[in-house]
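Following: one structure in structure tokens, then a few remarks.
Keep in mind that what you see is a predicted model, and the values were worked out from it rather than measured.
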Amino acid sequence: MFEKILTVKNLITQFNTEQGLIKPVNDISFEVYKGKTLGIVGESGSGKSMTALSIMRLIAPPIGEIIGGNIFFEDKDLLQLSDKEMRAIRGNKIGMIFQEPMTSLNPVFTVGYQIKEALTLHQEISFKDAKEQTIGLLKLVGIPAPEKRIHEYPHQLSGGMRQRIMIAMALSSKPSVLIADEPTTALDVTIQAQILELMVKLQEELNMGIILITHDLGVVAEMCHEVAVMYGGRIVEQASVQDLFTCPKHPYTRGLLASIPSLEVGKDHTQRRLETIKGTVPALNKLPLGCSFQDRCYNVQADCRGERGTPSLEEKSPGHLAACFHPLNDIASK
């Protein structure tokens with residue numbers, strides 16, 4: 001039986017923009033368990049990264065603000081903690097691998113200094129011990145000649161190396177929860193496999209809960225236990241990996257799965273044509289009434305266009321949630 005470590009409940013994050021108020025995180029709820037990985041997938045602009053930043057309380061007022069919900073971690077509501085109390089958790093008990101390593105690393109400090117700073121901030125260790133741990137972390141994430149690299153600045157490293165520096169920083173305090181926002185985006189296939197293998201190994205060693213944000217459904221199938229699919233700031237489907245891949249209930253999820261390249265050959269001995277989802281993700285200030293996916297959905301019906309309001313996330317089969325008035329059945333989803 002897995003132990004619950006993080007609970008996000010009805011989370012709402014709002015931004016005041018020139019185009020008006022938008023909610024990139026709109027009534028989001030999910031749970032993270034020790035030793036398990038929750039994947040969050042969806043197209044760019046669906047609210048994945050904003051959900052992660054909201055959990056870390058890195059939304060800067062007055063432009064951005066968390067206006068509702070709860071984030072429970074170790075029986076504490078993170079939204080009720082003071083800034084000082086939150087700093088003791090952020091980067092220590094909850095680590096995060098940011099999507100853009102070049103903008104996340106400080107260009108005027110060496111990468112070694114930045115990792116050592118994270119270590120000494122949360123642990124009572126000497127400068128010498130911090131240096132030794134920093135070298136060990138760089139070895140752990142596969143950076144060659146770590147004794148030399150700790151004296152280099154971010155601009156002297158490749159994108160892949162900077163990404164691995166971010167991973168080393170996130171893992172420095174052995175967090176209970178790791179939020180990984182596109183952790184392998186800048187890496188080649190070989191290094192990507194090594195990093196994913198490293199995350200699995202550390203998860204087993206530390207019994208760590210992981211939130212993995214990615215566009216890569218192949219990574220989801222390999223790494224995750226549960227999956228939440230986001231669209232327009234909401235979760236539109238949530239299920240175990242096996243249920244989601246074998247029997248998607250939401251048309252958007254089916255579209256994502258159908259767009260995965262395949263080597264399958266049809267009955268006429270031709271390769272299956274790659275499917276696409278028509279249109280683009282709507283702007284958050286121009287979401288249509290009703291289901292936000294209606295203009296791109298092949299299964300859209302009259303009541304999807306506002307007559308019944310916005311579909312809520314409901315259990316369509318045991319442990320399988322979907323926000324759809326007309327969920328796909330087993331036959332339609334294949």
Side-chain angles (χ1 to χ4, degrees), residues 8-30 39-71 78-79 83 86 90 96-104 179-182 185 211 213-216 228-238 250-253 255-256 259 276-313 322-325:
V8 177
K9 188 175 182 181
N10 306 121
L11 183 63
I12 302 175
T13 301
Q14 176 178 280
F15 281 81
N16 186 10
T17 71
E18 294 180 356
Q19 290 75 36
L21 293 175
I22 61 171
K23 294 178 180 177
V25 180
N26 193 356
D27 198 23
I28 296 295
S29 299
F30 57 78
I40 301 180
V41 301
E43 293 170 272
S44 296
S46 58
K48 306 184 301 299
S49 294
M50 282 300 165
T51 299
L53 293 174
S54 298
I55 294 172
M56 297 294 282
R57 274 184 51 183
L58 291 174
I59 304 298
I63 296 175
E65 176 180 21
I66 299 173
I67 63 171
N70 306 94
I71 305 170
L78 300 185
L79 300 184
D83 289 343
M86 189 62 205
R90 186 192 301 124
M96 182 167 177
I97 303 170
F98 292 91
Q99 187 173 0
E100 297 292 343
M102 195 58 203
T103 56
S104 300
I179 302 174
D181 190 357
E182 299 282 0
T185 299
I211 300 174
I213 298 172
T214 181
H215 291 90
D216 192 332
V229 181
M230 288 193 68
Y231 188 85
R234 295 177 179 269
I235 293 178
V236 296
E237 186 163 3
Q238 188 170 344
H250 198 284
Y252 178 59
T253 307
L256 291 177
S259 64
T276 59
I277 303 175
K278 66 178 183 179
T280 58
V281 179
L284 291 173
N285 64 324
K286 296 180 181 179
L287 292 176
L289 295 175
C291 178
S292 56
F293 188 60
Q294 59 182 265
D295 294 332
R296 307 175 70 191
C297 182
Y298 64 88
N299 196 39
V300 63
Q301 300 182 35
D303 56 353
C304 299
R305 300 190 180 279
E307 180 182 311
R308 296 171 60 183
T310 302
S312 57
L313 198 62
C324 184
F325 293 133

Quick one: pull up [atom1] in [X] and [atom2] in [Y] and give me the separation to the nearest 0.5 Å.
| X | Y | atom1 | atom2 | value |
| --- | --- | --- | --- | --- |
| Lys286 | Ser292 | NZ | OG | 16.0 Å |
| Leu287 | Asn26 | CG | CG | 8.5 Å |
| Lys23 | Ile28 | NZ | CD1 | 12.0 Å |
| Cys297 | Gln294 | SG | CD | 9.5 Å |
| Leu313 | Ser29 | CG | OG | 8.0 Å |
| Ile97 | Ile211 | CD1 | CD1 | 12.0 Å |

Check against side-chain contact (heavy atoms from CB on, under 4.5 Å), Asp27 and Leu11: CA-CA 5 Å; Asp27 198 23; Leu11 183 63; over 6 Å; no
For [X] and [Y], which heavy atoms make the closest approach, and how far apart are they?
| X | Y | value |
| --- | --- | --- |
| His215 | Gly42 | CD2-O, 3.3 Å |
| Val25 | Ser54 | CG2-OG, 4.1 Å |
| Ser44 | Val281 | O-CG2, 4.0 Å |

Flag for Thr276-Ser259: side-chain donor and acceptor within less than 3.5 Å: no
Any residue meeting salt bridge (Lys or Arg N to Asp or Glu O under 4.0 Å) with Arg296, in chain and number order, not counting sequence neighbours: Glu43
With [X], which residues qualify under side chain to side chain contact (heavy atoms under 4.5 Å, CB included), at least two apart?
| X | answer |
| --- | --- |
| Leu21 | Gln14, Asn16 |
| Asp181 | Ser49, Met96, Gln99, Ile213 |
| Ser46 | Lys48, Met230 |
| Thr17 | Phe15, Gln19, Ile22 |

4.5 Å side-chain heavy-atom contact, [X] and [Y]:
| X | Y | value |
| --- | --- | --- |
| Gln301 | Phe325 | no |
| Arg305 | Val300 | yes |
| Cys291 | Pro311 | yes |

Pairs satisfying side-chain hydrogen bond (donor to acceptor under 3.5 Å, both in side chains), at least one member in residues 55-71, at least two apart: Arg57-Asp83, Asn70-Asp77
side-chain contact (heavy atoms from CB on, under 4.5 Å) evaluation trace for Ile12 with Ile66: CA-CA 6 Å; Ile12 302 175; Ile66 299 173; over 6 Å; no
Candidate pair Phe98 and Ile179, rule side-chain contact (heavy atoms from CB on, under 4.5 Å), full reasoning: CA-CA 8 Å; Phe98 292 91; Ile179 302 174; over 6 Å; no
Parallel, tilted or perpendicular: rings of Phe293 and Tyr231 (30°, 60°): perpendicular
Exam field: side chain His250 to backbone Ala323, donor-acceptor pair closer than 3.5 Å: yes
Neighbour count >12 (heavy atoms, 6.0 Å) for atom CG, Leu58: yes
Evaluation steps, side-chain contact (heavy atoms from CB on, under 4.5 Å), between Ile59 and Met50: CA-CA 8 Å; Ile59 304 298; Met50 282 300 165; 4.1 Å; yes
